[in-house]
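Encoded as structure tokens, the structure appears first; notes follow it.
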Amino acid sequence: MSAGGGEAETAESSKRSLEEDSSAKKEEAKKAKQESEDFSSDDDEPISKSIKVKKEATKSDAKKRKLSETKEEDSDSSDDDVPLGQRMKEAKAKSAKKKAKVEKKEEEDDDDDESDSDDEPLSKKITKKAPAKKKKAVKKETKKSAKKPAKKGAKKPTETKESKKAKKKKEEEEAIHKWWLEEPLPEGQKWRSLEHKGPLFPPEYTPLPKGVYMLYDGEQYDLEPAAEEVAMFYAGMLKREYVEKEKFNENFMKDWRELMSSQEKKDIKDLKLCDFSKIGAYLDAQSEKRKNATKEEKEVRKATEAKIKEEYGWCMIDGHKQRISNFRVEPPGLFQGRGAHPKMGKLKKRLRPEDVTINCTSLDKAPPAPEGHKWAKVISDNTVSWLASWTENIANSNKYVQLAAESHLKGRKDMEKYEIARNLKTCIGKIRADYTEQLASKQMLDRQKATALYFIDKLALRAGGEKDPEEQADTVGCCNLRCEHVFNEGELSKDKKYDSNKECDEVKVRFDFLGKDSIRYQNEVKVTPQVWKNVRLFKKAPKEGSDALFDRLTVTALNAYLKEFMKDLTAKTFRTYNASITLQEQLKATPVDGTQEEKMLAYNRANREVAVLCNHQRAVPKSFEDQMGKLDEQMKDIDDQIKATKKELKAEKKAQPKGKKVEQLKKKLQTLETRKFKKEIKKTEKDENKSVALGTSKLNYLDPRISVAWCKKHDVDINKVYNRSQRDKFRWAIDMIMNTDEEFVF
């Protein structure tokens, strides 16, 4: 080989080496740029997609490199005629130019990183090799910036139970109609607009299946549907004491025969020969079947009931959605009554739309009557709050579809009632002074009026009213007491001087009568000598036991007298006033530093004093003894655990005085003693309240603002005093008291 040929070969080799080096750098720059583009998508893009894009980019780069090499080879062959030195100089310049271009691109990327880290390509995040802390910060920012719309297939964040409850509570609060912050309507007007669906009627009677029938004188007797339905009502009461009462059976037989066919009237003459046991057994079986329904069946039933409530259980008043209390018309059945009601056993007849009057905004806004029927009439009376009315056949009294207790109309009525009672304190002294003076009046009417008001004020008796004992139960209030209900006890000494208007121990008045709901009222109270003399005078012969004690007095006359002192004041107001004042005074005994249980015990004791004052009694529950027995067993079990824990603690203190177990045992002992304390309070409450109904006075006679203010002052959870429905009823009072710094005083 010649020397010239060797030099040419060496030059050619050197040229190729330089060009390959330049080509490699060029490819690296292209690769970095391509990777930057491949990974410049959102961080939210699925990783699988990123990997797929990267693979496709790698394949594309390989093809480009191959094509580039082919072109370079062609270029090499075409540049053979160019001198070696010139080619080397051009290659170096080209390489430097590309290097500068790549560096400039990296600087721009760095600037972008500093200005907006969220837009930084994933490739840059990887190649930068940033410290771990910085990476975490970037991740946090990425999570926070997830405001972009979620991509298809991305899972939605699950909502926790707590967040759902909070959301629901917020929605409920927003939906609350704060009527107490609005200006009231003109006096006497209840609403501006009223729309509803009308009452819901019970389904028609379905005859009993074959094999279920009445026996008469031991033989099967198939009744016509009208008589069979009434027989079914009686069969449903076979396990109750009513069927043993003569009056009940007498009234039932009379009404039942009215619905019998002529043949049935001829055949069925003696109720004692009627055997309803097969019908009763069928009804019991149906009841058990309903109780033992599957979960799916219960869910279907629940969904159906919810749909009915949504359709019929709401109305729109002045643009506000309000719940209806009793949207169902009472189904037919047998009247039971309380106590010895003279009409027990009579048939409550099935109501039809033709018996119902609808009250709404206007005729064109009236709900449609059920198919094939029409309403008795449609009226628009905004001075009343009822939605529909009818006359029931037992006492010929009006019945109404009314709004629920938490509605703004009921709430406003409650608030006005308590405000009137609260304002009574401004003139109670004057009223008491006036009726005390009239106790010795020469006018019999004034004397009776003063004595009746003395009893209403002192004993919180109901005012009462005139009743027909043939139509209603023989219950009485103060104004319609009879001589047989009131008794003089004791005797005034002739040798002693008395203050006629000051109570003394020598004389008392005893009461014994049936009050509202046939609850017996028995009480013996100290009275002033003048009141004692008046009672004796009012009972003087020729009066007999069945004669009225206050024969000159009516409730209307008494209320007219009270209105002279204060507008809207009636005898009923005294009961609300005295109940609320008693609660407020009794709550002063609440232990300031006591536990929640001790404070609630004080509240229930105060409430009990009111219930006793208002004669809110109840029969001792049948399960009372069992409940007390269970509490005793639970307390005995806790005592045993306390003894065992004390013994273990003593032994552990000797073995390892500063050990962890000593602290654990101390905590366990403290927990057990707290549990025992709570059980003791619970037992005390149950025993004290076994024959007293606390709910009646709390819901009807006690200003709720007193209870809410007490909760606020003593840091007691309002949920312990009022349940959910009661909180809804008294939402106005809760809002008023909780949103003011001023202490409420009744």
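All of these numbers come straight from a predicted model, not from anything done at the bench. As a basis for the values below, the full set of heavy atoms in this structure was taken, side chains included, without hydrogen atoms, waters or symmetry mates.
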Could you check whether the rings of F550 and F455 sit parallel, tilted or perpendicular, using 30° and 60° as the cut-offs?
tilted
K321 and E310 ion-paired at < 4.0 Å
yes
Do other residues, nucleotides or ligands put more than 12 heavy atoms under 6.0 Å from K365 NZ?
no
Would you confirm whether N700, through its side chain, and T696, through its main-chain N or O, come within 3.5 Å as a donor-acceptor pair?
yes
Keeping H196 on the side-chain end and N359 on the backbone end, is there a donor-acceptor pair under 3.5 Å?
yes
Exam field: side chain R727 to backbone V721, donor-acceptor pair closer than 3.5 Å
no
Could you check whether the rings of Y400 and W386 sit parallel, tilted or perpendicular, using 30° and 60° as the cut-offs?
tilted
Counting heavy atoms not belonging to K516, are there more than 12 under 6.0 Å from its NZ?
no
Are any of the side-chain heavy atoms of I176 and K178 separated by less than 4.5 Å?
yes
So CD1 of I428 and CZ of F565: to nearest 0.5 Å the spacing works out to 10.0 Å
Hey, is CD on E311 packed in by over 12 heavy atoms from elsewhere, all under 6.0 Å?
yes
Would a distance-only check, ignoring hydrogens and angles, find a side-chain to backbone donor-acceptor pair under 3.5 Å from D255 to L347?
yes
Below 4.0 angstrom, N of the basic side chain to O of the carboxylate: do R323 and E406 qualify?
yes
H616-Y701 aromatic ring centre distance below 6.0 Å:
yes
Would you say K348 and E392 make side-chain contact, with heavy atoms under 4.5 Å?
no
Do R705 and W732 have side-chain heavy atoms sitting under 4.5 Å apart?
yes
Quick one: does R575's side chain have a donor or acceptor within less than 3.5 Å of a partner on A460's backbone?
yes
Taking the side chain as every heavy atom from C-beta outward, state whether Y603 and H714 have any pair of such atoms under 4.5 Å apart.
no
For Q584 and F746, indicate whether the former's side chain and the latter's backbone hold a donor-acceptor pair under 3.5 Å.
yes
Looking at N723, is its backbone amide N or carbonyl O close enough to the side chain of Q726 to form a donor-acceptor pair, meaning the two atoms are under 3.5 Å apart?
yes
Here the gap from C614 atom SG to L461 atom CG, rounded to the nearest 0.5 Å, amounts to 10.0 Å
Can E258 and K346 be counted as an ion pair, charged N to O under 4.0 angstrom?
no
Greater than 12 external heavy atoms within 6.0 Å of K563's NZ
yes
Can you spot which of K245, M237, K239 makes a side chain to side chain contact (heavy atoms under 4.5 Å, CB included) with E241?
K245
Looking at every heavy atom in both Y418 and L699, which two are closest together, and how far apart are they?
OH-O, 3.8 Å
If you round to the nearest 0.5 Å, how far is CG of L403 from CG of N326?
9.5 Å
Main-chain N/O of F574 paired with D457 side-chain donor or acceptor, under 3.5 Å
no
Heavy-atom count around K417 NZ within 6.0 Å, excluding the residue itself: above 12?
yes
Side chains of K686 and Q627, donor plus acceptor under 3.5 Å
yes
Quick one: do the S697 and N607 side chains pair a donor with an acceptor below 3.5 Å?
yes
Shortest non-hydrogen pair, V708 vs Y722, comes out as CG2-CE1, 4.3 Å
Among F252, W256, Y242, which residue satisfies the ring-ring contact (aromatic ring centres under 6.0 Å, His included) criterion with Y234?
F252
CZ of R605 to CD of E688, rounded to nearest 0.5 Å, is 4.0 Å
Can you find a side-chain donor-acceptor pair between S691 and Q617 that sits under 3.5 Å?
no
Answer yes or no: are there more than 12 heavy-atom neighbours, outside E288 itself, under 6.0 Å from its atom CD?
yes
Straight-line distance of E609 CD to L694 CG, nearest 0.5 Å
11.0 Å
Considering residues, nucleotides and ligands other than R338, do more than 12 of their heavy atoms fall under 6.0 Å from its CZ?
no
Min side-chain heavy-atom separation L583-S707 under 4.5 Å
yes
Do I324 and Y312 come close enough that some side-chain heavy atom pair is under 4.5 Å?
no
Would you say that more than 12 heavy atoms from the other residues, nucleotides or ligands in this model lie under 6.0 Å from the NZ of K690, or not?
yes
Checking Y561 now: which residues fulfil side chain to side chain donor-acceptor pair (under 3.5 Å) with it, not counting sequence neighbours?
D434
Over 60° means perpendicular and under 30° means parallel, so classify the ring planes of H177 and H408, tilted if in between.
perpendicular
Measuring only between side-chain heavy atoms, which start at C-beta, is K413 closer than 4.5 Å to K410?
no
Non-hydrogen side-chain atoms of E416 and E419 separated by less than 4.5 Å:
no
Compute the centroid of each ring, for H373 and then for F201, and state whether the two points are separated by less than 6.0 Å.
no
Backbone N/O of V476 and side chain of N480: donor-acceptor pair under 3.5 Å:
no
Using distance alone, with no hydrogens and no angle criterion, decide if R192 and N382 have a side-chain donor and acceptor under 3.5 Å apart.
no
Can any side-chain N or O of Q596 pair as donor or acceptor with the backbone N or O of K599 at less than 3.5 Å?
no
Please determine whether a side-chain nitrogen of the Lys or Arg among R352 and D355 lies less than 4.0 Å from a carboxylate oxygen of the Asp or Glu.
no
Distance from I737 atom CD1 to I718 atom CD1, nearest 0.5 Å?
10.0 Å
